[in-house]
Amino acid sequence: FSLYEEHNRTMISLGEWINSALKSIDTSEEPLSAFGADPRTLALSSDAFLSAALTVARSLADQICRAQEVEKYPNNGTPRQPYLPTPASDWADSVTVYLSSSDGNFFFDGDHRDLQPLPFSSDKDPSDHPKELQDMLESVIGNVPHSEKENNSQDMSSNNNPNYLSVSSAMLTSPSNNNSDNGRCDSQFEGDDMQRIYSLGLLFYELFSGGERPAEFNNPPTVPKSDTKHELDEVDQDLHSLHNQSEPIDLANNLNIFDDFGDAELKFSFGVSNGRKHDVDSSREQSKKKKPMKRTGTGQICSISVEPLKSKGLPWSLCNLIGNMLDCANGDLCGDESYRHMSDVASDLQRMLDKPRTYLDDLDLAKLAVSGLQLNETIFGREAEFASLRGAYDRSISGESELAIISGTSGTGKSVLAHRMGSFVNTRGGIFLSGKFDQLQQATPFSTLAAAFNQYCDMLISEGDTSRSKKVGAELNRALGKESFHLSRVIPSLSAVINQDVSQPHLDEGCVDAQKRLLYLLCQFVDVISSSSGAPVTLFLDDLQWADAASIEVIHQLLLISGSLNKSKQFFFFGCVREEEVNGNHPFLRMVSSVCQFGKHVTTIPLSCMDEGMVNTLISDVLRLSPRLTRSLANIVYHKTNGNQLFFSQLMISLSKDGLIRPSLSRRRWEWDEEKIQSRKLPDDVAKFITGNIGRMPANVRMALSVLSCFGASAKITFLKALETQLAISLIESMEEAAAEGVLDK
């Protein structure tokens, strides 16, 4: 490819890029700079450098992954010359970094004639290269026409201040000493793939340490044979002195303060050789494997510690990623968290780039120690379903009349998806009205709709902009006239908007059908708030299987007068229903059938239980760990919950409360006890599980929940305060405790 030709010097060596990038970062505003902290160390842990360095690392991992595919699956089925780099400890010397400007152009800086080109990028015509290799390089570097590259080189030759933090890609070129043994990793473990992961781990160590090579390579430790007997004698003497103690040693009581450090590297000095102490790793995690053999000599495998990287302030997740790559040196004895495939390395790097707050940043252990595990509704995926719901919304407010139905069994995440849609509507400047039908209030017509509209009136009143409230009130008075009094009787907060006193007696002129009058007034209410605000109105109703016939008729009329029949009415309706609890005679299904006959489109979004892969994705997001590390836990949780989303969230909170999933101070991450989680007995039904959780709550919380259940699915704080006064019991404090346990939503 002409990108590598000498006249178009767009490349910069990795070492030069590291130094230039760190120098370009201003650390004077960092808090620690006032205390004399090293600017280079501060720059290493800065977001700007980490983002750029992760781009370099991801690009290199992608290159090797694609080369593996080329070598594994050649187009014509015949073996080709190997494109994969030879495992070695000096890969960092053969990396070039490509810089890009904001307009996508490449920068170059200085003369880099010492860089070795790729063996397959010499004087050959690009058409001579295998097509799969061309595709691989174009995907990493980008396919830039030859003439365009020449123009870019000429235009940028005057640019003396490139942005070193704007990285386009990086490329590992084959070292010039490919056929020699110098620098080659000569250990025998699980083939070249594991060796390449180890070699890339060494490269990453240098990349994120600011160009420093591991101390183990600079000063490989040696243990003279003449001192071996002396060390064993000292160990024997120490053990003999412990054996002669008059009192027994209670290790359980004396070491319990280190329980949290069970997975850390607790080290005890047991001998001295050449003035250097030797360590024994007493962790449970490391006890599963032997200490790797340390070898001397250029390029040979040795155990590498990532503690120097942590001391530089780098995120622990990044240090652990590099440590898991270097752990490949242990071969068959490598740990459970070590990498087995380069594709996993590339995926984890991409996650750190895409979601740094989740997968890169360190945990706030002080906060987690108080709050425990917190589940955010935004983690529950459903991207395809959310896209379908958004599409229905966009079509509806554009003039088409459409409704959407989210169906599924209890606990599949219908309400979570609906609330996410509500946040989307609000950010788009729309009006989102929501209500929830109650199984105990089916005999009260319009109660759920009235509650949804009452919330909107409360929002208008609480807003600082009184002009909007006055405008809506004036429009309602103009459209409803004296009939607004009847609407205020079912929507209490409306009286403050239209400035009407509903406590005064009102002369009823004798309505033939009061229910039809109220149906008309509710439809007029939606029409007025849409036209007066100029924003589309979205109405969401939950648990439609418990809807009353009168409320369904209001929805029916709203759908008929919106969309194609009246282009000015921007209205969208969607709801949630438990499909197993409705039949063909249900009022809601009859309404859907009716609007379809009028040409209205219905979008059905079925939700099923999550599969094991989705459960693992959720646990990965919640615990902020790579999915490859949470896979075993996800397998246990999936089989205990059958993928039910409500069951999943309740179980995860319960495991956190019981300390089976907990933050570890020593490891700076979440950890869990798989054996105890696996052995925990759970009911098959989520309702029984929640009932069991409620039964274990304090008596005052259970009583408060019983009182609240008498008033439907929800209650206002003001109502609870009044109820507290009348009953002389504490309700709100108990409700707060129930909400913290995940039983209630606040």
Side-chain angles (χ1 to χ4, degrees), residues 13-15 17-18 50 52-72 82-97 116 118 136-137 139-140 167 169-175 177-178 183-187 189-214 216-217 292 299-306 308-309 314 317-331 334-335 337-353 626 628:
S13 68
L14 178 63
W17 176 81
I18 292 174
L50 286 175
L54 283 170
T55 302
V56 171
R58 189 276 322 274
S59 184
L60 295 174
D62 284 346
Q63 175 195 355
I64 297 177
C65 288
R66 294 180 182 276
Q68 285 176 334
E69 291 299 314
V70 171
E71 192 168 82
K72 187 176 181 181
Y83 301 130
L84 288 167
T86 303
S89 62
D90 57 355
W91 277 10
D93 300 333
S94 304
V95 173
T96 55
V97 179
Q116 298 293 330
L118 288 167
M136 178 193 74
L137 292 175
S139 66
V140 176
V167 175
S169 62
M171 179 65 73
L172 174 65
T173 59
S174 295
N177 56 359
N178 236 10
R184 179 180 173 85
C185 297
D186 62 355
S187 64
F189 55 84
E190 294 194 20
D192 285 346
D193 288 346
M194 299 291 281
Q195 295 184 37
R196 291 189 183 93
I197 294 176
Y198 177 82
S199 300
L200 191 62
L202 291 176
L203 191 158
F204 288 175
Y205 187 104
E206 296 189 43
L207 169 63
F208 291 100
S209 66
E212 298 178 5
R213 286 181 63 79
E216 290 83 353
F217 273 89
Q300 295 189 351
I301 295 295
C302 68
S303 177
I304 306 296
S305 171
V306 294
L309 298 180
L314 295 178
S317 58
L318 178 60
C319 297
N320 290 334
L321 179 145
I322 298 173
N324 292 160
M325 296 176 70
L326 297 174
D327 194 33
C328 292
N330 296 320
C334 59
E337 296 186 358
S338 63
Y339 286 98
R340 299 297 193 277
H341 306 285
M342 188 66 73
S343 58
D344 289 336
V345 177
S347 298
D348 285 351
L349 291 169
Q350 189 63 54
R351 289 185 183 91
M352 291 181 179
L353 280 169
S626 167
R628 69 183 182 88

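Note: hydrogens, waters and symmetry copies are ignored here, and every other heavy atom, side chains too, is used.
- By the side-chain contact (heavy atoms from CB on, under 4.5 Å) test, Ala52 is found to be paired with Trp17, Leu165, Val167, residues two or more places apart in sequence or in another chain being considered.
- The CG atom of Leu54 sits 5.0 Å away from the CG atom of Leu353 when rounded to the nearest 0.5 Å.
- Using a 4.5 Å heavy-atom threshold, the side chains of Phe208 and Leu50 count as touching.
- Here the CZ-OG distance, from Phe204 to Ser209, works out to 12.5 Å after rounding to the nearest 0.5 Å.
- Taking Ser338 as the reference, Arg340 meet the side chain to side chain donor-acceptor pair (under 3.5 Å) condition, with sequence neighbours excluded.
- Contact detail for Ser305 and Pro308: the closest heavy-atom pair is O-CD, 3.5 Å.
- Note: Trp91 CH2 to Leu203 CG = 8.0 Å, rounded to the nearest 0.5 Å.
- The CD1 atom of Ile322 lies 9.0 Å from the OH atom of Tyr205; values are rounded to the nearest 0.5 Å.
- Shown here for Leu349 and Ala61, the closest heavy-atom pair between the two residues is CD1-CB, 4.1 Å.
- In this structure a side-chain-to-backbone donor-acceptor pair under 3.5 Å is present from Ser59 to Ala170.
- To the nearest 0.5 angstrom, Asp93 atom CG is 7.0 Å from Glu206 atom CD.
- Applying the side-chain contact (heavy atoms from CB on, under 4.5 Å) criterion to Ser626, with sequence neighbours excluded, gives Asp348, Arg351, Arg628, Leu629.
- Across Arg58 and Ala346, no two heavy atoms sit closer than the pair CG-O, 4.4 Å.
- Closest approach of Pro85 to Leu172, counting heavy atoms only: CG-CD2, 3.6 Å.
- Just one residue in the list Leu60, Asp62, Ile64 forms a side chain to side chain contact (heavy atoms under 4.5 Å, CB included) with Met342, and that residue is Ile64.
- Residues Pro87 and Arg196 come closest through the heavy atom pair CG-CG, 3.9 Å.
- Between Glu337 and Asn320 the shortest side-chain heavy-atom distance does not fall below 4.5 Å.
- Across Arg213 and Ser89, no two heavy atoms sit closer than the pair NH1-O, 3.2 Å.
- Taken to the nearest 0.5 Å, the NE2 atom of His341 stands 11.5 Å off from the OG atom of Ser347.
- A side chain to side chain contact (heavy atoms under 4.5 Å, CB included) with Leu326 is found for one member of Ile197, Leu200, Leu202, Leu321 and no other, namely Leu202.
- Formation of a donor-acceptor pair under 3.5 Å by the Thr173 side chain with backbone atoms of Ser94 is found in this model.
- With sequence neighbours excluded, the residues satisfying side chain to side chain donor-acceptor pair (under 3.5 Å) with Glu212 are Lys312.
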